[in-house]
Amino acid sequence: MTADVLPALRAKVRAAAHPAAEVCVCGTDTSVLADRPDGTVVRHGATVAKAHAAGTDLAGLAARLAVAAHPALAGILLPPHGPGTAELDGRPVTFWSYGTPVDREDPDAAPWEEAAALLARLHRTPDSVLPPGLPPMRGPAKAARAVARLRAAGPHPAAAPVLRAWAVLPAWARDEAPMPDLGTLCHGDLHLGQLVRSGNGDWLLIDIDDLGRGDPAWDLARPAAWFACGLLPPDECTRFLTAYRKAGGTAVPADSDPWPALDVPARALSVQTAAQAIAKSVAGGRPLDEVETSVIDACDRMAAHPPELAPDFAT
């Protein structure tokens with residue numbers, strides 16, 4: 001279905017980039033930035049079009065767009081081009097300005113401090129800003145889908161420790177019960193690929209599909225999980241956490257051990273990452289690589305220890 005969507009989505013983004021012209025007047029090629037079942041993204045000039053997943057909750061998407069467009073979120077979230085959506089083959093389409101992504105080839109320049117400061121500001125969003133009907137953030141739902149994909153992939157020798165680590169998580173982290181904290185605006189899927197540099201040079205958060213109310217610790221969980229898996233150096237974790245606290249972030253205590261708040265979300269993100277890795281290796285008919293194996297090994301360690309015995313996070 002994605003391949004059928006691309007030509008029409010290219011036409012829509014060209015029309016959005018040149019609303020007063022019948023044809024392209026800038027001579028810019030249309031490029032595909034992402035092409036997945038959960039989101040197809042194309043760019044033409046300075047305009048980006050995203051075809052969201054089929055079956056997207058339209059009311060929830062409208063509420064998320066309203067948050068991104070609210071003046072109180074200016075300088076935090078990339079705003080959409082208008083509050084509404086177009087439709088393409090049963091999929092809602094939204095339009096955005098193009099921003100320069102993080103350079104994956106230059107890890108030393110990773111904007112950890114900027115990401116942390118943006119999260120802290122997002123987490124301090126007043127409740128009065130949030131529109132009625134804003135759904136819960138979708139972090140636990142994404143983790144549960146990854147585990148479902150792992151199970152659907154069939155037997156695999158690496159699956160057992162991942163499923164054991166999943167089983168010891170509380171029900172809310174497995175998307176089997178409501179989150180205990182629904183009082184904070186959260187991104188829901190924070191990683192460095194969710195930041196872009198705008199035309200004025202400022203970093204902004206993108207991708208609102210998982211935005212909503214929830215536990216703000218989830219937004220800090222991926223760096224914490226990478227640290228626990230040995231994939232992120234302690235000094236980078238320290239940079240991220242220090243900047244978050246300095247900016248007044250509410251997800252962790254300002255001056256005490258952050259791990260009690262981060263432990264469960266970090267475990268859930270580790271399981272999600274491991275489950276996705278195994279499913280992709282099965283689909284691709286390839287062995288697990290070293291990084292994927294390290295995440296699965298971390299899940300094995302997590303399953304053997306209750307959450308309260310998790311190691312200290314960098315402080």
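Throughout, numbering of the chain's residues begins at 1 and tracks the sequence.
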message: For His44 versus Ala17, what's the shortest heavy-atom pair and its separation?
response: CD2-CB, 3.7 Å
query: Of all heavy-atom pairs between Ser270 and Ala225, which one has the smallest distance, and what is that distance?
result: OG-CB, 3.3 Å
Is there any salt bridge (charged side-chain N to carboxylate O under 4.0 Å, His left out) pair reaching into [range], and which pairs are they, with sequence neighbours excluded?
range	answer
residues 199-209	Lys50-Asp207, Lys50-Asp209
residues 219-234	Asp189-Arg222
residues 112-128	Glu113-Arg239, Asp127-Arg213

Non-neighbouring partners of Pro233 that pass side-chain contact (heavy atoms from CB on, under 4.5 Å), sequence neighbours left out: Asp235, Glu236
Kindly write out the residues that satisfy side chain to side chain donor-acceptor pair (under 3.5 Å) with [X], not counting sequence neighbours, or none if the list is empty.
X	value
Ser97	His81
Glu292	Arg286
Trp96	Thr94

Can you name the ring pair (Phe, Tyr, Trp, His ring centres under 6.0 Å) partners of [X], sequence neighbours left out?
X	answer
Trp112	Phe240
His123	Tyr244
His187	none

- prompt: If you measure from NZ on Lys246 to CG on Leu241, what distance do you get to the nearest 0.5 Å?
  reply: 13.5 Å
field: Reported CE-to-CG distance for the pair Met137 and Leu190, which is rounded to 0.5 angstrom
entry: 11.0 Å
query: Side chains of Arg91 and Thr40: do they bring a donor and an acceptor to under 3.5 Å?
result: yes
task: Answer yes or no: is there a donor N or O on one side and an acceptor on the other, between the side chain of Ser256 and the main chain of Pro253, under 3.5 Å?
output: no
Give every donor-acceptor pair under 3.5 Å between a side-chain atom in residues 54-71 and any protein atom, sequence neighbours left out.
{"from": "Thr56", "atom 1": "OG1", "to": "Ala53", "atom 2": "N", "distance (Å)": "3.4"}
{"from": "Thr56", "atom 1": "OG1", "to": "Ala53", "atom 2": "O", "distance (Å)": "2.5"}
{"from": "Asp57", "atom 1": "OD1", "to": "Ala59", "atom 2": "N", "distance (Å)": "3.3"}
{"from": "Asp57", "atom 1": "OD1", "to": "Gly60", "atom 2": "N", "distance (Å)": "3.4"}
{"from": "Asp57", "atom 1": "OD2", "to": "Gly60", "atom 2": "N", "distance (Å)": "3.3"}
{"from": "Arg64", "atom 1": "NE", "to": "Leu211", "atom 2": "O", "distance (Å)": "2.5"}
{"from": "Arg64", "atom 1": "NH2", "to": "Pro136", "atom 2": "O", "distance (Å)": "3.4"}
{"from": "Arg64", "atom 1": "NH2", "to": "Leu211", "atom 2": "O", "distance (Å)": "3.1"}
{"from": "His70", "atom 1": "ND1", "to": "Ala72", "atom 2": "N", "distance (Å)": "2.9"}

Donor-acceptor list for residues 144-173 side chains, cut-off 3.5 Å, not counting sequence neighbours:
{"from": "His156", "atom 1": "ND1", "to": "Ala158", "atom 2": "N", "distance (Å)": "3.0"}
{"from": "Arg164", "atom 1": "NH2", "to": "Asp300", "atom 2": "OD1", "distance (Å)": "2.9"}

- prompt: Under 6.0 Å from the CG atom of Asp106, do we count more than 12 heavy atoms belonging to anything else shown?
  reply: yes
